[in-house]
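All values below come from the heavy atoms of this structure, side chains included, with hydrogens, waters and symmetry mates left out. Quick caveat: nothing in here was measured; it's all calculated off a predicted structure.
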Amino acid sequence: RFMVSIIVPVYNTEKYLKDCLESLVKQTYDKIEIILVDDGSTDSSGKICDKWAKIDDRIHVYHKKNEGVSRARNYGIQRAKGEKLVFIDSDDMLTLNAIECMVEVLLKQNVELVACQYQSDKYNKKVEKETLKIEKVSRQSYLEELMIPNKNIAAFVYNRLYLKRIILENDIRFNENVKVCEDTLFNYEYANAINSIAFINNPLYYYRINSDSTMFQKKMNPGKLTANIVFDKMLKETVNDDEKKIISIGCIAYNVILLMQMYKYKWKDRDDYVIIKNHLKLYPIEFMKSRIRLKYKIGYLILRIMPKPRG
């Protein structure tokens, strides 16, 4: 049995942190270390971390100034002692046998990455292992789930089991200049370094939607524009034309949302408008033929002909 390091960035989640930590210390796979990176919390989250570290010696707490979730995750990677890595957000929870299930799939399927489904409507404490739906997937299928998700796995990092060796040998880290879709780039770079992936088509991760996060703020935010750093890097590094089309479809869908928000919230930066508009020009025919939701296709057609926002 190898050690699994669970890296948890913590920032002002005092309301939910206890639930998260309980779901970790009660894992049926007990050879774990829990790395809590307190990213300059201004509420009682830091004190809660310290309290739990006194209760369970598998918990290691690091307090640092606030520098964002990417820096906090990278900080955790540098200090992880386990052979395998799991990330979890501090307001979320794992099914109590999630680590055990993912480890078993990793070994039995002889793969280098395991990703499970997530859910946000109901928390199930355990899942019967006999009911697990295991699926080995190709690189292209994995990329499609990153960019055009339809399995409730998507491009997050918190519902996956990684090999630390792959991360270190290939110098894979979270881009600290990216505020949205940093997970997507990390997963893309990791996928570039491996040959085998398995999905668990059962929800082992409970996800709380955080309205304060950059992604889900109901307003136009400059941080949302940094997702195009991710798409541009992926497109530049991809040589396979089919993969470029898959990436472009996800890129267009995201920029449709951005442009809609730009109009709705009267965002008047012309440079931002040009950047977004240019990202709508990638593989338009493939986008319209894809299985992306109809609302994105309708929005895309409308936005292609709308004038620049005034300002």
| side-chain contact (heavy atoms from CB on, under 4.5 Å) with Lys125: which residues, sequence neighbours excluded? | Leu96, Tyr123
| request: Just jot down the ring pair (Phe, Tyr, Trp, His ring centres under 6.0 Å) partners of Phe186, sequence neighbours excluded, or say none. | output: Phe87, Tyr162, Phe174
| request: May I ask you to establish whether Arg160 and Phe156 are in a cation-pi arrangement, using a distance under 6.0 Å from NZ or CZ to the six-membered ring centre and at most 45° from the ring axis? | output: no
| remark: When Asn12, Thr42, Asp39 are each screened for side-chain hydrogen bond (donor to acceptor under 3.5 Å, both in side chains) with Asn66, the one that passes is Asp39
| message | Consider side-chain hydrogen bond (donor to acceptor under 3.5 Å, both in side chains). Of Lys151, Lys133, Glu135, which one does Asn201 pass it with? | response | Glu135
Any donor-acceptor N/O pair, [X] side chain to [Y] backbone, under 3.5 Å:
X	Y	result
Glu112	Asn195	yes
Asp92	Tyr205	no
Thr13	Tyr16	no

Salt-bridged, [X] to [Y], with N to O below 4.0 Å?
X	Y	result
Lys54	Asp50	no
Glu104	Lys129	yes
Lys47	Glu14	no

Validation row: [X], [Y] side chains within 4.5 angstrom (heavy atoms):
X	Y	result
Asn97	Gln27	no
Arg73	Val37	no
Met306	Ile302	yes
Lys31	Val4	no
Lys64	Arg71	yes
Asp56	Trp52	no
Ser196	Leu113	no
Met3	Glu33	yes

Linking I/L/V/M/F/W/Y whenever any side-chain heavy atoms sit under 4.5 Å apart, do [X] and [Y] land together?
X	Y	value
Leu161	Ile172	yes
Leu17	Met93	no
Met262	Ile275	no

| message | Side chains of Glu100 and Thr28: any donor to acceptor distance under 3.5 Å? | response | yes
| query | Is it the case that Asn170 and Glu189 place a side-chain donor and acceptor less than 3.5 Å from each other? | reply | no
| task | Fit a plane to each ring of Tyr300 and Phe287, take the angle between them on a 0 to 90° scale, and name the class: parallel (under 30°), tilted (30 to 60°) or perpendicular (over 60°). | result | tilted
| request: Would you sort out whether Asn74 and Glu176 count as a side-chain hydrogen bond (donor to acceptor under 3.5 Å, both in side chains), showing the intermediate values? | output: CA-CA 9 Å; Asn74 289 338; Glu176 296 174 10; 3.0 Å; yes
| request: Considering non-hydrogen atoms only, spot the tightest contact between Tyr188 and Arg139 and give its length. | output: CE1-NH2, 3.8 Å
| remark: Smallest heavy-atom separation, Cys49 atom then Val61 atom, equals O-CG2, 3.5 Å
| query | Which is it for Asp43 and Ser45 under the side-chain hydrogen bond (donor to acceptor under 3.5 Å, both in side chains) test, yes or no, and what are the steps along the way? | reply | CA-CA 6 Å; Asp43 63 2; Ser45 295; 2.8 Å; yes
| request: Quick one: list whatever passes side chain to side chain donor-acceptor pair (under 3.5 Å) with Tyr118, sequence neighbours left out. | output: none
